[in-house]
K.L.:
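Take a look at this one; I'll ask things after.
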Amino acid sequence: MESIEIKGLDKLNRLLINAGNKGTPALARGLYEEATMAFNESQVLVPVDTGVLKGSGHVQTPVVTSDSVEVTIAYGGPATPYALFVHERIMAPSGKKVYHAPPTQAKYLETPVKRRTKGLASRLGVHLQNAMKGH
């Protein structure tokens with residue numbers, strides 16, 4: 001699994017603490033919004049043959065525990081091995097690059113998620129600040 005660095009987490013953590021009991025729900029809403037935007041972009045990029053893979057994509061509602069907020073974007077359901085194969089397959093066994101009709105591509109989920117990490121802490125910070133203001 002690849003790691004993604006998000007800058008500004010110290011400031012975000014301070015905002016979360018200062019937001020008190022409004023912080024976690026605001027963070028969950030912000031993460032869900034971010035995941036939904038990444039998912040919407042992935043829907044443009046996901047390769048379409050029969051439409052089953054594209055139709056299997058979804059964003060799950062946030063799961064909040066005592067020490068985390070988690071939002072999952074997923075493709076595949078029962079066809080998860082196929083979704084992973086299509087996502088990761090860049091080169092064919094012949095050594096040629098796998099063709100996807102534009103704008104579709106391999107890495108159809110990874111690309112938009114990585115794109116959304118830039119400025120993520122700041123955008124989530126806005127959610128926390130709004131929560132503290134009662135918005």
Side-chain angles (χ1 to χ4, degrees):
M1 180 172 218
E2 193 167 329
S3 74
I4 298 173
E5 181 182 348
I6 300 173
K7 296 183 181 191
L9 289 179
D10 290 339
K11 183 177 179 183
L12 181 64
N13 194 44
R14 285 191 301 277
L15 281 170
L16 183 59
I17 291 166
N18 291 336
N21 64 355
K22 295 179 181 179
T24 301
L27 183 61
R29 282 191 303 275
L31 284 172
Y32 185 77
E33 182 180 295
E34 291 291 327
T36 299
M37 287 188 226
F39 171 73
N40 289 341
E41 186 178 339
S42 77
Q43 285 282 283
V44 174
L45 301 177
V46 65
V48 178
D49 183 12
T50 65
V52 172
L53 178 58
K54 184 174 185 171
S56 73
H58 62 280
V59 180
Q60 295 176 354
T61 56
V63 174
V64 178
T65 65
S66 61
D67 63 349
S68 71
V69 177
E70 187 176 306
V71 178
T72 300
I73 309 169
Y75 279 90
T80 297
Y82 174 72
L84 184 60
F85 173 79
V86 172
H87 187 270
E88 297 299 318
R89 189 169 182 238
I90 295 173
M91 303 299 281
S94 66
K96 291 185 179 183
K97 187 174 179 182
V98 173
Y99 174 78
H100 295 287
T104 67
Q105 64 176 53
K107 306 293 186 180
Y108 53 87
L109 184 54
E110 181 178 324
T111 299
V113 167
K114 280 185 171 181
R115 202 171 295 155
R116 298 232 35 99
T117 61
K118 185 174 184 177
L120 177 63
S122 295
R123 292 190 305 273
L124 292 175
V126 170
H127 282 274
L128 292 171
Q129 289 169 335
N130 288 340
M132 288 187 286
K133 294 175 187 174
H135 298 232

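Bear in mind the structure is a predicted one, so any value in this text is a computation, not a measurement. Note: hydrogens, waters and symmetry copies are ignored here, and every other heavy atom, side chains too, is used.
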K.L.:
Would you say I73 and L31 are hydrophobically clustered, going by side-chain heavy atoms of ILVMFWY under 4.5 Å?
P.N.:
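Yes.
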
K.L.:
Quick check: closest heavy atoms across R116 and M37, and the distance to 0.1 Å?
P.N.:
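The pair with the smallest heavy-atom distance is NH2-SD, 3.4 Å.
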
K.L.:
Sub-3.5 Å donor-acceptor pair from the side chain of T111 to the main-chain atoms of Y108, do we have one?
P.N.:
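No.
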
K.L.:
Just jot down the side-chain contact (heavy atoms from CB on, under 4.5 Å) partners of V44, sequence neighbours excluded, or say none.
P.N.:
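Here the qualifying residues are P103.
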
K.L.:
Grab the two heavy atoms, one from G76 and one from A83, that are nearest each other, plus how far apart they are.
P.N.:
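So the two residues come closest at CA-CB, 3.9 Å.
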
K.L.:
Can you name the ring-ring contact (aromatic ring centres under 6.0 Å, His included) partners of H100, sequence neighbours left out?
P.N.:
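ring-ring contact (aromatic ring centres under 6.0 Å, His included) list for H100, sorted by chain: empty.
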
K.L.:
Quick one: closest heavy-atom pair of K118 and R123, and the distance?
P.N.:
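Answer, listing the atom of K118 first, then R123: O-NH1, 2.7 Å.
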
K.L.:
Under the rule for side-chain contact (heavy atoms from CB on, under 4.5 Å), what residues qualify as partners of T61, not counting sequence neighbours?
P.N.:
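Not a single residue meets the side-chain contact (heavy atoms from CB on, under 4.5 Å) criterion with T61.
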
K.L.:
Measuring only between side-chain heavy atoms, which start at C-beta, is H87 closer than 4.5 Å to K107?
P.N.:
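Of all side-chain heavy-atom pairs linking K107 with H87, at least one is under 4.5 Å.
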
K.L.:
Measure the spacing between CZ of R29 and OG1 of T24 and express it to the nearest 0.5 Å.
P.N.:
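One finds 10.5 Å between CZ of R29 and OG1 of T24.
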
K.L.:
So which heavy atom on M132 is nearest to which on K22, and how close?
P.N.:
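Scanning both residues, the minimum pair turns out to be O-NZ, 4.5 Å.
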
K.L.:
Could you pull out all residues at least two apart from L84 that satisfy side-chain contact (heavy atoms from CB on, under 4.5 Å)?
P.N.:
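Residues passing side-chain contact (heavy atoms from CB on, under 4.5 Å) with L84: E88.
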
K.L.:
Which ILVMFWY residues can you reach from V48 by hopping between side chains whose heavy atoms are under 4.5 Å apart?
P.N.:
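Its cluster mates, by chain and number: none.
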
K.L.:
I need the full list of side-chain hydrogen bond (donor to acceptor under 3.5 Å, both in side chains) pairs touching residues 75-86, with sequence neighbours left out, sorted by first then second residue.
P.N.:
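Checked against side-chain hydrogen bond (donor to acceptor under 3.5 Å, both in side chains) - neighbours excluded - the pairs reaching residues 75-86 are S42-Y75, Q43-Y75.
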
K.L.:
Can you list everything that forms a side-chain hydrogen bond (donor to acceptor under 3.5 Å, both in side chains) with D67? Sequence neighbours excluded, please.
P.N.:
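D67: side-chain hydrogen bond (donor to acceptor under 3.5 Å, both in side chains) contacts with T65.
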
K.L.:
Do the side chains of F85 and L45 join up, straight or via other hydrophobic residues, at under 4.5 Å, putting them in one cluster?
P.N.:
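Same cluster: F85 reaches L45 through Ile, Leu, Val, Met, Phe, Trp or Tyr contacts under 4.5 Å.
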
K.L.:
Check step by step if side-chain contact (heavy atoms from CB on, under 4.5 Å) holds for M91 and K97.
P.N.:
CA-CA 4 Å; M91 303 299 281; K97 187 174 179 182; 4.2 Å; yes

K.L.:
Taking only residues two or more places apart in sequence or in another chain, which ones pass side-chain hydrogen bond (donor to acceptor under 3.5 Å, both in side chains) with T104?
P.N.:
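Residues passing side-chain hydrogen bond (donor to acceptor under 3.5 Å, both in side chains) with T104: none at all.
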
K.L.:
At what distance, to the nearest 0.5 angstrom, does NE2 of H127 lie from CG of L27?
P.N.:
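Nearest 0.5 Å value for the NE2-CG distance: 9.0 Å.
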
K.L.:
Taking ILVMFWY side chains as joined if any heavy atoms are under 4.5 angstrom apart, and letting links pass through other members, which residues group with V52?
P.N.:
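Taking Ile, Leu, Val, Met, Phe, Trp and Tyr as members, V52 stands alone, with no cluster partners.
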
K.L.:
How close do R89 and A106 get, heavy atom to heavy atom, and via which atoms?
P.N.:
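R89 and A106 have their closest heavy atoms at O-CB, 3.5 Å.
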
K.L.:
So which pairs with a foot in residues 47-66 pass ring-ring contact (aromatic ring centres under 6.0 Å, His included), sequence neighbours left out?
P.N.:
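For residues 47-66: none.
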
K.L.:
Once side-chain contact (heavy atoms from CB on, under 4.5 Å) is applied, do any residues pair with Y32, and if so which ones, sequence neighbours excluded?
P.N.:
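With sequence neighbours excluded, Y32 shows a side-chain contact (heavy atoms from CB on, under 4.5 Å) to T36, V59, P62, V71, given in chain and number order.
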
K.L.:
Identify the heavy atoms of L53 and P47 that sit nearest to each other, and give their distance.
P.N.:
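Of all heavy-atom pairs spanning L53 and P47, the closest is CD2-O, 4.1 Å.
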
K.L.:
Pairs under 3.5 angstrom only: tabulate donor-acceptor contacts from the side chains of residues 11-19 to other protein residues two or more places apart or in another chain.
P.N.:
residue: N18; atom: ND2; partner: R14; partner atom: O; Å: 3.3

